[in-house]
Amino acid sequence: MTIQQPSEALMPRSYPPEFRRKVLDLVASGRKVAEVAQLLGISDQTIYVWRRQHLIDTGQLPGTNSTDQSELAAARKRIAELEAELAIHRRAAELLGEVMSPKGGSRPSA
């Protein structure tokens with residue numbers, strides 16, 4: 001019996017695309033998902049998720065393909081970074097007493 005470290009329990013392991021492809025090839029060749037999962041030490045559910053995503057990527061099922069998912073994740077990460085940066089700039093402007101209107105206008109000169 002192995003005991004997982006807390007970080008292992010919370011973070012799913014990442015497998016290389018070649019490994020995923022070989023797993024899906026084994027299942028496609030007629031091996032049972034449970035058999036392949038046990039043989040390779042991965043969960044049945046992981047294989048089912050990979051198989052479903054493969055069907056989406058090949059157009060056999062509707063859904064968001066892997067490329068679009070990657071681009072969407074990158075865009076969401078970038079948006080979060082920009083929002084954090086904007087919050088920092090707004091806070092700095094407040095501290096400096098130079099808060100501008102939300103429409104980007106400037107204060108009239110005196």
Side-chain angles (χ1 to χ4, degrees):
M1 176 189 225
T2 59
I3 300 174
Q4 289 183 332
Q5 296 298 321
S7 61
E8 291 176 4
L10 298 176
M11 295 295 298
R13 294 192 320 200
S14 181
Y15 298 94
E18 308 83 47
F19 177 76
R20 292 179 186 206
R21 180 76 253 146
K22 288 179 182 178
V23 168
L24 293 177
D25 288 345
L26 286 170
V27 173
S29 72
R31 307 274 299 260
K32 294 184 186 231
V33 170
E35 177 188 349
V36 174
Q38 172 131 26
L39 177 70
L40 299 174
I42 58 178
S43 75
D44 297 18
Q45 187 60 36
T46 298
I47 296 174
Y48 287 119
V49 168
W50 292 350
R51 185 168 65 181
R52 183 174 192 283
Q53 189 60 54
H54 174 72
L55 293 173
I56 291 170
D57 290 347
T58 58
Q60 298 174 53
L61 278 179
T64 306
N65 66 38
S66 296
T67 303
D68 290 346
Q69 282 182 352
S70 296
E71 290 175 4
L72 185 56
R76 286 182 175 152
K77 181 179 178 182
R78 182 66 179 139
I79 289 168
E81 291 168 354
L82 291 171
E83 287 175 341
E85 186 177 323
L86 180 59
I88 291 168
H89 284 284
R90 284 185 175 155
R91 182 65 180 138
E94 287 174 9
L95 292 174
L96 295 173
E98 299 174 3
V99 178
M100 303 192 51
S101 74
K103 296 187 188 234
S106 60
R107 294 185 192 179
S109 55

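Here, residue 1 is the first one in the sequence, and each next residue gets the next number.
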Looking just at side-chain N and O atoms, do T58 and Q60 make a donor-acceptor pair shorter than 3.5 Å?
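Yes, a side-chain donor-acceptor pair sits under 3.5 Å.
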
Using modelled atom types and a 3.5 Å cut-off, is there a donor and acceptor pairing between side-chain atoms of Q53 and backbone atoms of T64?
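Yes, Q53 side chain to T64 backbone: donor-acceptor pair under 3.5 Å.
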
Between atom [atom1] of [X] and atom [atom2] of [Y], what is the distance when rounded to the nearest 0.5 Å?
X	Y	atom1	atom2	result
I56	N65	CD1	CG	8.5 Å
L55	W50	CG	CH2	15.0 Å
L39	R31	CG	CZ	6.0 Å
L40	E35	CG	CD	10.0 Å
T46	R20	OG1	CZ	9.0 Å
R90	I88	CZ	CD1	12.5 Å

Quick check: is L61 connected to L24 through a chain of hydrophobic side chains (ILVMFWY, heavy atoms under 4.5 Å apart)?
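No; L61 is not reachable from L24 via cluster members.
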
Out of curiosity, does V27 fall in the hydrophobic cluster containing Y15 (side-chain heavy atoms, cut-off under 4.5 Å, transitive links)?
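The answer is yes; both residues are in one hydrophobic cluster.
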
Got a sec: does the CD of Q69 have more than 12 other heavy atoms crowding it under 6.0 Å?
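Result for CD/Q69: enclosed.
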
Taking R21 first and then E18, would you say they form a salt bridge - that is, a charged N and a carboxylate O separated by under 4.0 Å?
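Answer for the salt bridge query: no.
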
Please name the pair of heavy atoms, one in S43 and one in A37, separated by the smallest distance, quoted to 0.1 Å.
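Taking S43 first and A37 second, the nearest heavy atoms are C-CB, 3.9 Å.
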
